Amino acid sequence: MRVVSLVPSLTEAVAVTLPGVLVGATDWCTHPADLGVARIGGTKNPDVPAIVTLAPDLVVANEEENREPDLAALRAAGVPVLETVIRTLPQALTELDRVLGACGARSRPRWLDEAEAAWSAPPRSAPRLRAVVPVWRRPWMVLGRDTFAGDLLDRLGVENVYAHHAERYPRIPLDSLRAVEKDLVVLPDEPYAFTADDGPEAFETPAALVDGRSLTWYGPSLVTAPRILGAALRRPARPPHQDQRIS
């Protein structure tokens with residue numbers, strides 16, 4: 001079996017479960033660190049001819065991470081594509097089962113059982129925290145409705161202020177983000193690399209800097225994600241005082 005992955009989460013899941021099966025992955029596929037496969041561009045701009053040259057039996061993709069024209073081009077070239085849809089934790093577990101089975105796994109990997117067990121506690125009901133969850137700045141973009149990361153936060157007792165927005169990743173002016181009623185700002189270090197000096201200073205609200213892989217990846221990181229995220233959410237930091245407005 002020869003597999004090309006266009007999604008960092010799926011790359012890690014396949015590599016950990018089925019060593020030697022992957023022959024290609026994106027430039028953003030950073031786990032495992034010693035992947036040792038051909039790099040075929042980004043998630044949004046994969047090198048389709050290079051993928052075809054690798055002669056994969058299957059390309060694994062995701063409807064949010066990847067662009068439909070690229071997947072259509074691969075299919076037109078005769079390359080089978082498995083496209084996942086993952087917007088909740090249950091979807092992630094189901095789709096990971098499907099992907100790994102399609103890649104040749106004969107049984108469910110232990111890490112997937114451990115991930116399901118780690119998240120088996122019911123969503124926290126109280127006390128809940130209202131939070132804004134930026135994923136980009138310049139312009140400011142936040143988690144909106146129907147997102148995988150939003151579902152994980154909900155299970156950890158964090159209510160996304162923009163969970164019912166019409167868009168999944170709306171652009172919200174900073175003044176509006178500052179003014180909206182909230183208890184917390186959650187700042188992951190990917191896709192935008194928020195740090196203590198680049199994000200918290202824009203708000204008067206306590207900010208939780210969280211591991212982006214734990215919040216947005218669906219794969220082996222799910223095993224430790226509730227512990228890592230929970231610890232970060234319990235220890236938010238007050239932003240440094242700023243005398244000037246931050247954009």
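Not measured: the values here are computed from a predicted model. Computed over heavy atoms, backbone and side chain alike; hydrogens, waters and symmetry mates excluded. Sequential numbering from 1 along the given sequence is applied to the chain's residues.
The shortest side-chain heavy-atom distance between Val180 and Tyr162 falls under the 4.5 Å cut-off. You'll find the side chain of Ile51 stays beyond 4.5 Å of the side chain of Val81, heavy atoms only. Leu22 is listed as a side-chain neighbour of Thr11, based on a closest heavy-atom distance under 4.5 Å. Using a 4.5 Å cut-off on side-chain heavy atoms (C-beta onward), Val4 and Val23 make contact. Counting only heavy atoms from C-beta outward, the side chains of Pro8 and Thr43 approach each other to under 4.5 Å. Using a 4.5 Å cut-off on side-chain heavy atoms (C-beta onward), Leu143 and Tyr169 make contact. Ser5 places none of its side-chain heavy atoms less than 4.5 Å from the side chain of Val14. Counting only heavy atoms from C-beta outward, the side chains of Leu89 and Leu222 approach each other to under 4.5 Å.
Checked by atom type and distance alone, the side chain of Arg130 never pairs as donor or acceptor with a backbone atom of Val161 at under 3.5 Å. With hydrogens and angles disregarded, no donor-acceptor distance shorter than 3.5 Å links the side chain of Glu64 to the backbone of Ile86. Between the side chain of Gln91 and the backbone N or O of Arg87, at least one donor-acceptor pair lies under 3.5 Å. A donor-acceptor pair is defined here as one N or O able to donate and one able to accept, closer than 3.5 Å; no such pair exists between the side chain of Asp189 and the backbone of Asp211. At least one donor-acceptor pair closer than 3.5 Å links the side chain of Asn66 to the backbone N or O of Leu6. In this structure, Asp47 contributes its side chain and Gly41 its backbone to no donor-acceptor pair below 3.5 Å. Checking side-chain atoms of Asp70 against main-chain N and O of Asn45 turns up no donor-acceptor pair under 3.5 Å. A donor-acceptor pair under 3.5 Å links the side-chain atoms of Arg39 to the main chain of Cys29, judged by distance alone. Side chain of Arg145 to main chain of Ala166: a donor-acceptor pair is present (N/O by atom type, distance under 3.5 Å, no hydrogens or angles). With hydrogens and angles disregarded, a donor-acceptor distance shorter than 3.5 Å links the side chain of Arg178 to the backbone of Ala202.
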Subject >> Stepwise side-chain contact (heavy atoms from CB on, under 4.5 Å) test for Glu65 and Thr26 >> reply: CA-CA 11 Å; Glu65 295 271 1; Thr26 75; over 6 Å; no
**OP:** Apply salt bridge (charged side-chain N to carboxylate O under 4.0 Å, His left out) to the pair Glu68 and Arg75, showing each step before the final yes or no.
**Re:** CA-CA 10 Å; Glu68 183 54 38; Arg75 293 186 179 105; 3.4 Å; yes
Subject >> Stepwise side-chain contact (heavy atoms from CB on, under 4.5 Å) check, Thr84 with Val60 >> reply: CA-CA 8 Å; Thr84 58; Val60 293; over 6 Å; no
**OP:** Before giving the answer on side-chain contact (heavy atoms from CB on, under 4.5 Å), spell out for Leu74 and Val48 the whole-Å C-alpha distance, their side-chain angles and the decisive distance to 0.1 Å.
**Re:** CA-CA 7 Å; Leu74 287 168; Val48 171; 3.8 Å; yes
**OP:** For side-chain contact (heavy atoms from CB on, under 4.5 Å), just list the numbers for Lys44 and Trp28, CA-CA rounded to whole Å, side-chain angles, deciding distance to a tenth of an Å, and then say yes or no.
**Re:** CA-CA 10 Å; Lys44 305 296 186 187; Trp28 300 105; over 6 Å; no
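Tyr218 approaches Val7 most closely through the heavy-atom pair OH-CG1, 3.5 Å. Taking every heavy atom of both residues into account, Ser9 and Thr216 meet most closely at OG-O, 4.3 Å. Between Ala207 and Leu187, the shortest heavy-atom distance links the atoms CB-CD1, 4.0 Å. Of all non-hydrogen atoms in Arg155 and Pro90, the two that sit nearest each other are NH2-CD, 3.3 Å. When every heavy atom of Pro80 is checked against every heavy atom of Pro56, the shortest pair comes out as CD-O, 4.4 Å.
The existence of a salt bridge linking Arg108 and Asp97 is confirmed by a sub-4.0 Å separation between a basic side-chain nitrogen and an acidic carboxylate oxygen.
In this structure, Leu18 CG and Met1 CE are separated by 9.0 Å, a value rounded to the nearest 0.5 Å.
Defined by atom type and a distance below 3.5 Å, a donor-acceptor pair is present between the side-chain atoms of Trp111 and Thr17.
Annotation for Arg171: atom CZ does not count as buried by contact number, only 12 or fewer foreign heavy atoms lying within 6.0 Å.
Leu58 pairs in a side chain to side chain contact (heavy atoms under 4.5 Å, CB included) with only one of the listed residues (Val21, Val79, Leu82), which is Leu82.
In this structure, Phe194 and Trp140 have parallel ring planes: the angle between them is below the 30° cut-off, well short of the 60° mark.
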